[in-house]
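Comments concern the structure below.
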Amino acid sequence: MLLPVTSHAEPNSDIPAPDTGEAVAAAPRAPASLDEFLAGIGPRAYRFSEIGLRHRDDALDAVQDAMMKMINYRDRPAAEWTPLFWSILRSRIIDIQRRRTFRLRWLVSPQERDDGSMPDWSDDGPDPSRTHDGKEGYARLSDAVARLPRRQREAFSLRILEELDVATTARVMGCSEGSVKTHLSRAREALQQQLEDWR
């Protein structure tokens, strides 16, 4: 049975800050079932989707779709579930972003786009649930990560926030391990600059 992912889950307050060293991947206990795996990964998957889509309902839809598709891989070894799930979720996020852009091209006339750019209607603005003091750091990091180019955002989120190793991240992103390291390095530089500008 798939467990629902609540869109009002509180973000973790102990998210590691960007650093200059490589994250050390822990060796977690293998889940006993797919249901246990999905229950454990749900909140983190939602956070990952919300950063990429900047819209709660779209993020929730993406996670639920990815979980439903994982049912097809129930018989795969548990060791394969993590890269499979993140690959499926990443693909779903990209699909939603493309569909959103396609809809805007039809809904907005050229006269409404004076500079020729697409308006961003996906950002609902500040989240009131994150305004108190204990969440200020998370909100700043989340906003900074959301501003990164897609590949840098994916590399940072998967390697640092989700603590996947380089090989698994490369498999999820469909690129070489060297590319993952390059994207991560650029993401760290950009995040450091953004966070310094906010001081």
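Throughout, numbering of the chain's residues begins at 1 and tracks the sequence.
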Straight-line distance of Glu36 CD to Ile41 CD1, nearest 0.5 Å: 12.0 Å
Sequence neighbours left out, what passes side chain to side chain contact (heavy atoms under 4.5 Å, CB included) with Ala45? Give chain and number order. Val63, Phe85, Trp86, Leu89
Are the side chain of Ser91 and the backbone N or O of Ser87 linked by a donor-acceptor pair below 3.5 Å? no
Run the numbers on Val180 and Arg171 for side-chain contact (heavy atoms from CB on, under 4.5 Å), then give the verdict. CA-CA 10 Å; Val180 169; Arg171 181 175 171 185; over 6 Å; no
Taking the side chain from Arg159 and the backbone from Leu184, do they hold a donor-acceptor pair closer than 3.5 Å? no
Results of side chain to side chain contact (heavy atoms under 4.5 Å, CB included) for Arg92 - residues two or more places apart only: Ala62, Asp65, Asp95, Ile96, Arg99
As an exercise, state the distance from CG of Leu191 to CZ of Arg186, rounded to the nearest 0.5 Å. 14.0 Å
Any idea which heavy atoms bring His183 and Ala155 closest together, and the distance? CB-CB, 3.7 Å
Would you say the side chain of Arg54 lies within less than 4.5 Å of the side chain of Asp143, judging by non-hydrogen atoms? yes
In one Ile/Leu/Val/Met/Phe/Trp/Tyr side-chain cluster, 4.5 Å: Tyr73, Val172: yes
What distance separates Gln64 CD from Ser49 OG, expressed to the nearest 0.5 Å? 10.5 Å
Heavy-atom nearest pair, Glu177 first then Ala167, reads OE2-CB, 3.5 Å
So, do Trp81 and Leu38 sit near enough that their side-chain heavy atoms are less than 4.5 Å apart? no
State, to 0.1 Å, how close Leu34 and Met70 come at their nearest heavy-atom pair, and which atoms those are. CD2-O, 3.5 Å
Arg76 side chain to Asn72 backbone, donor-acceptor under 3.5 Å: no
Of the non-hydrogen atoms in Arg153 and Leu148, which two are nearest, and what is the gap between them? NH1-O, 3.3 Å
Report, as yes or no, whether the 6.0 Å neighbourhood of atom CZ on Arg151 holds more than 12 heavy atoms from other residues, nucleotides or ligands. yes
Heavy-atom donor-acceptor pair, Ser179 side chain to Cys175 backbone, under 3.5 Å: no
Could you check whether any side-chain N or O of Glu154 sits under 3.5 Å from a backbone N or O of Gly52, counting only pairs where one atom can act as donor and the other as acceptor? no
What verdict does the salt bridge (charged side-chain N to carboxylate O under 4.0 Å, His left out) test give for Arg47 and Glu162, after you've listed the backbone C-alpha separation in whole Å, the side-chain angles of each residue and the deciding distance to 0.1 Å? CA-CA 10 Å; Arg47 180 182 61 195; Glu162 300 308 326; 3.2 Å; yes
Point-to-point distance, once rounded to the nearest 0.5 Å, from NE2 of His55 to CG of Asp61: 9.0 Å
Please report the interatomic distance CD1(Ile51) to OH(Tyr46), rounded to the nearest 0.5 Å. 10.5 Å
For the residue pair Thr168 and Leu164, what are the closest heavy atoms and their distance? CG2-CD1, 4.1 Å
Would you check if Arg90 and Arg150 make a side-chain contact, meaning some heavy-atom pair closer than 4.5 Å? yes
Within the structure provided, determine whether Ile88 and Met67 are in side-chain contact (heavy-atom separation under 4.5 Å). no
